[in-house]
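To start, the structure itself, in structure tokens.
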Amino acid sequence: MDYAKCAKEIYETLGGKSNLVSAAHCATRLRLVTVDNSRIDMKKLENIDGVKGVFSNNGQLQLIIGTGTVNKVYDEFLKVSGMTAATKEDVKAAAAAKQPLFKRMIKSLGDVFVPILPAIVASGLMMGLVEALGKAIPSFAGSDWYGILDMMANTAFVFLPILIAVSAARVFGGNIFLGAVIGMIMIHPNLINAWAVGSMNSSEIPVWNLLGFTIRQVGYQGHVIPVIISVWLMCRIEKWLHKHVPEMIDLFVTPLTTVLVTAFITLGLIGPIFSTAETYVLEFAAWIITVGYGVGAMIMGALYPLTVVCGIHHMYNVIEAGMLSAADGLNIWMPIASAANFAQGAACLAVGLKAKNIKTKSIAIPSSMSAALGITEPAIFGVNLRFIKPLICGMIGGAAGALLGSLFHIGATSYGVTGIPGFLITLDYTLQYAVVLAVSFAVSFVLTWIVWKEEDGENESGKNESEMNPASDEITKTVTTELSAETDVCSPVKGNVIARNEIPDKTFASGVLGDGVGIEPETGVVIAPFDGIISSVTDTRHAIGITGPREMELLIHVGIDTVNMKGEGFELLVSENETVKKGQKLMTFDIARIQSAGYSATTAVLLTNSDDYPNFKVVKTGKTDSMEKLFTIE
């Protein structure tokens, strides 16, 4: 391959330096941020010799080039473009900066609320279970067991501002412990509980008189937005002080000044203004849901999947958290989301049951099950959006269910839970909730079954787009695979799993090629750890790149420095661009031959784009068999 020629053609097709912002690479991809993607001929870019596929994700233009090749093309690209090398983090930051302000704000809200979802879900489910036991066993409701379990269950909601403050400080780049202090100040027991203020006259609320200013002694237990804005301000102040305060006194001056300034502004300005604004937002949301005898809820039930497609559905977390923190503590937005999600799952199931194409079935049916449990991205992106008609039928089903949810006045005790698990947080409305799900499912499933035909996914000649255009085959397969529900990586080799930093190779151990593990093999067989596509194989047959679910890119590198064996002792059983199934044999290798040549047979199994998954977690060490769960991205 002529790396310089490939790099030059990429550079010219992108529109030259005037259309480039940043460039970096991972183990298999060239990652770019451009000024304007519309100026680029994507078909021409895909057809460049050496480019195996092109797609856009989170503001990045990503070119699949392959393991062992991308770094060489990248070096030539820097030469021809005159750009300086950037890290993947630099590219991510540049891509994020290009996003519209509204989308960046929504992403920040999602980044704040998603990490605390486990705590909210756990508390909500526990509250539901405790309440159910109290109703089923009257004597239990007055017992000490009920008291202590009820206290444990509502803790996350009582101290929600602190959880939000810690998460917000992490997102905005501040000290999370200072963030926690700001959250604690806002709900300090010396302040009048926000829920009690509503029953008091303004003249009854005590104030502090400070140099002509008055600060009401009121807490913010029932509010979300003021906490986020206060912590954002705190982070800005802290960063500014770190830059301007001399290092020798920074440890004392910065935290003290940051907390004092933020606390005064929060209690005197941000709290009063934005708590009022938040109240109006919540009242408006409640009005939307109930307006016109549920017509507003019906509209939102139809539009909800589109907000998932746009990636802005996390904004509802703010609304739901605010509803839970209000006096009645009921989340009336949840039935809308649940109806919409369940309907999309039903449409996806109809496609899976009606389709004759095995590949469509294998994606649609598991994705529909995932949607029934509240995770709809695989169903929406992998199936419904692809065929359009199922998406529309799901929107109609979601509208019908949301309308009923509003008319039934269903309220949940948590957020982040929809679908079947939602029964645990809607115990006072079990029958009504069941009707909502049943109607959502029935309308969506029946409509999809009637209007969707399998040829909708084919072009006029009866062939799939990938069959008509081989150049797009890699991308079609990759996108389809990425959107499956699977989030686990199984062990491709039987042996002893060691930590990544224990791999006897500095490059692998450092994590520069991604996080993962090393495996000291017992048998010389490599199998596919998930359904995917072989994105790259080395000429020396000792390493394989495989692209799989959720855009995961896995590198399986057998042995240390085994590139020097020039393929001796290795047999590849697959080729580039080949679709493989989980458990399929990919390669065999001779352990004894590797060791006799003076090399370690330790196999690096690395998720080269692990930075894209903040919840990446190794779940297996020590002895492992092939196909045992090795690590997960959720």
Side-chain angles (χ1 to χ4, degrees), residues 27-28 66-68 358-359 362-363 366 477-478 480-482 484-498 500 503 508 513-538 540-560 562 565 567-595 600-610 616-633:
T28 60
T67 306
I358 299 299
K359 188 173 183 179
S362 66
I363 294 172
K477 292 176 181 176
T478 300
T480 301
T481 304
E482 286 173 358
S484 72
E486 191 170 1
T487 57
D488 300 328
V489 175
C490 296
S491 176
V493 178
K494 180 180 180 180
N496 182 52
V497 179
I498 61 175
R500 187 245 308 146
I503 299 175
F508 294 146
L513 290 178
D515 210 347
V517 298
I519 302 178
E520 298 167 341
E522 292 181 6
T523 59
V525 179
V526 176
I527 60 176
F530 44 59
D531 293 346
I533 299 166
I534 302 300
S535 56
S536 63
V537 294
T538 57
T540 49
R541 302 191 291 275
H542 69 290
I544 293 175
I546 176 171
T547 302
R550 300 286 183 88
E551 201 186 330
M552 289 190 287
E553 291 181 349
L554 193 74
L555 172 64
I556 306 171
H557 190 288
V558 178
I560 306 302
T562 45
M565 296 181 66
E568 295 182 6
F570 297 88
E571 181 183 3
L572 275 177
L573 306 176
V574 292
S575 57
E576 279 191 12
N577 301 327
E578 181 177 338
T579 301
V580 296
K581 303 297 284 184
K582 186 176 181 178
Q584 179 178 336
K585 192 182 293 186
L586 307 180
M587 175 206 296
T588 61
F589 57 97
D590 190 335
I591 298 175
R593 194 164 183 175
I594 293 173
Q595 293 173 341
S600 167
T602 299
T603 298
V605 183
L606 305 174
L607 193 63
T608 59
N609 59 340
S610 58
F616 172 89
K617 183 180 180 181
V618 175
V619 296
K620 179 70 176 181
T621 55
K623 285 282 190 180
T624 186
D625 205 346
S626 55
M627 299 312 294
E628 282 191 51
K629 187 189 294 186
L630 196 59
F631 46 78
T632 179
I633 61 171

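Since this is a predicted model, take the numbers as computed values, not measurements. The figures here come from the full heavy-atom set of this structure, side chains too, leaving out hydrogens, waters and symmetry mates.
The structure places CZ of F589 at 11.0 Å from CE of M565, a figure rounded to the nearest 0.5 Å. Atom-to-atom distance recorded for N496:CG and E522:CD is 7.5 Å, nearest 0.5 angstrom. To the nearest 0.5 Å, atom CD1 of residue I534 and atom CD of residue E576 are 9.5 Å apart. Within the model, atoms CD1 of I546 and CD of E578 stand 10.0 Å from one another, a figure rounded to the nearest 0.5 Å.
Residues T603 and V558 form a side-chain contact, since some pair of their non-hydrogen atoms from C-beta on lies under 4.5 Å apart. Contact of the T562 side chain with the H557 side chain is registered, since non-hydrogen atoms from C-beta on lie closer than 4.5 Å. S491 places none of its side-chain heavy atoms less than 4.5 Å from the side chain of K620. Side-chain atoms of R593 and E568, non-hydrogen and from C-beta on, do get closer than 4.5 Å to each other.
Judged as a side chain to side chain donor-acceptor pair (under 3.5 Å), and not counting sequence neighbours, T621 has no contacts.
Minimum heavy-atom separation, I591 to A601: CG2-CB, 4.1 Å. The two residues E628 and T624 have their closest heavy-atom pair at CB-OG1, 3.4 Å. P492 and I556 get closest at one heavy-atom pair: CB-CD1, 3.9 Å. Considering every non-hydrogen atom in both L555 and A543, the closest pair reads CD1-CB, 4.4 Å. Minimum heavy-atom separation, V580 to A528: CG2-CB, 4.1 Å. P529 approaches V489 most closely through the heavy-atom pair CB-CG1, 4.0 Å.
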For L554 and F530: C-alpha separation, side-chain torsions, deciding distance, then whether side-chain contact (heavy atoms from CB on, under 4.5 Å) applies. CA-CA 10 Å; L554 193 74; F530 44 59; 4.0 Å; yes
Give the C-alpha distance, both sets of side-chain angles, the deciding distance and a yes or no for side-chain contact (heavy atoms from CB on, under 4.5 Å) between T632 and D488. CA-CA 4 Å; T632 179; D488 300 328; 3.0 Å; yes
Q | Worked verdict on Q584 versus V574 for side-chain contact (heavy atoms from CB on, under 4.5 Å) | A | CA-CA 10 Å; Q584 179 178 336; V574 292; 4.0 Å; yes
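Under the 30°/60° scheme for interplanar angles, the aromatic rings of H542 and F570 are found to stand perpendicular.
Between the side chain of S600 and the backbone N or O of I560, no donor-acceptor pair lies under 3.5 Å. In this structure, the side chain of D625 does not engage the main chain of K494 through any donor-acceptor pair within 3.5 Å.
For the side chain to side chain contact (heavy atoms under 4.5 Å, CB included) criterion with I498, the lone passing option out of T602, V517, I519 is T602. When I544, L586, T588 are each tested for a side chain to side chain contact (heavy atoms under 4.5 Å, CB included) with L572, only one passes: I544.
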